[in-house]
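These notes concern the structure reproduced below.
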2 protein chains.
Amino acid sequence: MSRPGGSAPQRDTPVLTERGGVRKAAILEAALRVIGDKGLAGLSMRAIATEAGLPLGALGYYFKTKDDLILEAFELHTRREADRVLAAFAGVGSGDHADDVAEHLTAFIRHGLTEARTSLVAEYEFLIEATRRPDLARVSRAWRQALQIQVGHVASRLGSDDPETDAEILLSVVAGLEIDHLSTPLDPSTTQAIRTALRRTITRLGLRGDAERP
Amino acid sequence: MSRPGGSAPQRDTPVLTERGGVRKAAILEAALRVIGDKGLAGLSMRAIATEAGLPLGALGYYFKTKDDLILEAFELHTRREADRVLAAFAGVGSGDHADDVAEHLTAFIRHGLTEARTSLVAEYEFLIEATRRPDLARVSRAWRQALQIQVGHVASRLGSDDPETDAEILLSVVAGLEIDHLSTPLDPSTTQAIRTALRRTITRLGLRGDAERP
DNA sequence: GAATGAGTTGTACGTTCGTTCAAGTTCCGG
DNA sequence: CCGGAACTTGAACGAACGTACAACTCATTC
């Protein structure tokens with residue numbers, strides 16, 4: 001509070017007026033793009049600045065260190081992705097058949113492997129890095145837990161007799177399918193294989209909303 | 001062949017006598033360890049040299065570039081891991097029940113998340129990097145294909161009516177469970193959750209060797 | 001219209017990086 | 001025991017890195 005002699009403009013956290021907030025957001029978006037297509041190994045402050053179209057010096061004003069920036073980028077990603085998952089499952093109701101649910105999930109994965117590929121790769125970069133950084137691990141755990149609760153509700157709606165386990169299985173299958181097909185361009189036959197796997201999983205788990213409910 | 005003036009000792013590939021091979025292997029092992037606990041972002045030639053207990057200059061003799069080294073490390077890892085998977089499934093016979101199979105897989109995952117955690121993290125580092133490097137992508141695809149064939153045979157032995165799809169589902173579930181639990185220390189309740197998910201998956205897929213076979 | 005503070009930037013610091021290489025040692029066939 | 005090939009090494013190169021900061025512009029307030 002009272003630091004008389006200091007002329008240091010650097011605060012712990014910038015005040016973030018409207019004007020500044022736009023720039024901060026642009027930096028985080030740029031960072032997510034760079035992480036997605038060059039990896040955390042290829043992530044440099046200079047690369048972010050170039051991607052965002054800003055001078056290098058600008059980054060130091062909004063983020064104390066590179067690690068802070070990475071953490072905030074991950075938080076932004078999870079917030080955004082949670083919304084997307086929520087929206088994807090909002091349409092899945094108790095009137096749907098197993099195949100409808102499978103189709104929803106197939107579209108979800110297909111989107112991640114094509115239009116949103118950069119974002120998906122960034123996501124896994126974060127998840128792996130979370131193995132080594134407690135701050136990222138906290139975000140990762142919270143996000144994963146929120147996801148499992150959401151999917152658990154959906155499973156429940158679809159007549160699961162063990163929603164928690166089914167949520168774990170579904171989340172794992174989706175994550176596994178994503179990872180396993182990240183190194184390959186997504187051709188139609190691959191999409192079909194993903195659809196088949198999802199249909200079988202959902203059918204065998206007995207997830208269909210048209211079942212009788214108590 | 002005939003490069004008269006050149007005194008360059010650097011070949012495309014060193015001849016690798018017994019003497020040299022030991023060192024090369026030590027370098028690759030060191031690289032795998034460093035990738036596992038500092039990530040590809042934290043991987044430097046100096047870090048590898050230190051981990052291997054060798055001078056920095058030694059690395060240049062066996063690997064033309066850092067990227068070459070990473071590729072060979074990945075190849076080594078997939079070779080080793082393929083053997084491990086093969087061994088893990090060698091014990092799964094048509095006499096096993098669904099719970100036996102689940103127990104095998106649970107132990108497999110538990111081992112990866114504890115004793116072999118470094119190796120598992122390195123594996124996912126490679127898989128993500130393969131998104132950006134065609135040479136790594138080739139290795140990744142070949143490995144994944146070999147895995148699927150192996151697991152498909154096992155599924156077949158266990159009475160699957162669609163071994164290929166079941167292999168894809170099983171591999172995805174295992175990969176997903178690994179990733180989802182990498183950021184968390186593996187406590188007993190987590191192990192139990194993994195076991196439950198695997199049991200349910202295998203049971204619902206109808207994978208049990210004691211079923212009648214043609 | 002001066003003062004205050006947020007926002008902005010070019011530059012420069014010290015460090016670490018991948019790679020190269022001349023000079024050396026060790027090994028082994030002839 | 002000699003000659004060449006395999007192997008080893010420490011030092012050095014330019015490039016890229018994260019971070020810090022003095023100097024600057026701009027908007028807002030009194």
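All values below were derived from every heavy atom in this structure, side-chain atoms included, with hydrogens, water molecules and symmetry-related copies excluded. Each chain gets a letter, A, B and so on, in the order its sequence line appears, and its residues count up from 1.
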- request: Tell me which nucleotide among D:dG10, C:dA6, C:dG10 gets nearest to the side chain of B:P55.
  value: D:dG10
- prompt: Among pairs that include at least one residue of residues 169-193 of chain A, which meet salt bridge (Lys or Arg N to Asp or Glu O under 4.0 Å), considering only residues two or more places apart or in two chains?
  reply: A:D180-B:R144
message: For A:H77 and A:F126, take the angle between the two ring planes, folded into 0 to 90°, and tell me which bin it lands in: parallel under 30, tilted 30 to 60, perpendicular over 60.
response: tilted
statement: To the nearest angstrom, the OH-P distance between B:Y62 and C:dT20 comes to 17 Å
Look for any protein N or O under 3.5 Å of an N or O in nucleotides 12-17 of chain D and output each such pair with its distance, or none.
{"residue": "D:dC17", "atom": "OP1", "partner": "A:S44", "partner atom": "OG", "Å": "3.4"}

task: Flag the pair B:R80 and B:E75 as a salt bridge only when some basic side-chain nitrogen lies within less than 4.0 angstrom of an acidic carboxylate oxygen.
output: no
- line: note: A:I27, atom CD1; C:dG7, atom P; distance rounded to Å ~ 12 Å
Between D:dT8 (C1') and B:R23 (CZ): distance, integer Å: 6 Å
- request: Using atom CD1 of B:I48 as one end and atom P of C:dG18 as the other, report the distance to the nearest whole Å.
  value: 8 Å
message: Assess whether a salt bridge exists between B:R117 and B:D37, defined as any Lys/Arg side-chain N lying under 4.0 Å from an Asp/Glu carboxylate O.
response: no
message: Within 45 degrees of the ring normal and closer than 6.0 Å to the centroid, is that where the cationic atom of A:R84 sits relative to A:F108?
response: yes
statement: By salt bridge (charged side-chain N to carboxylate O under 4.0 Å, His left out), B:R200 pairs with (sequence neighbours left out) A:D161, A:D166
- prompt: Side-chain N or O of B:Y61 less than 4.0 angstrom from OP1 or OP2 on D:dC7?
  reply: yes
- prompt: Between atom CG in A:L59 and atom P in C:dG10, what is the gap in whole Å?
  reply: 13 Å
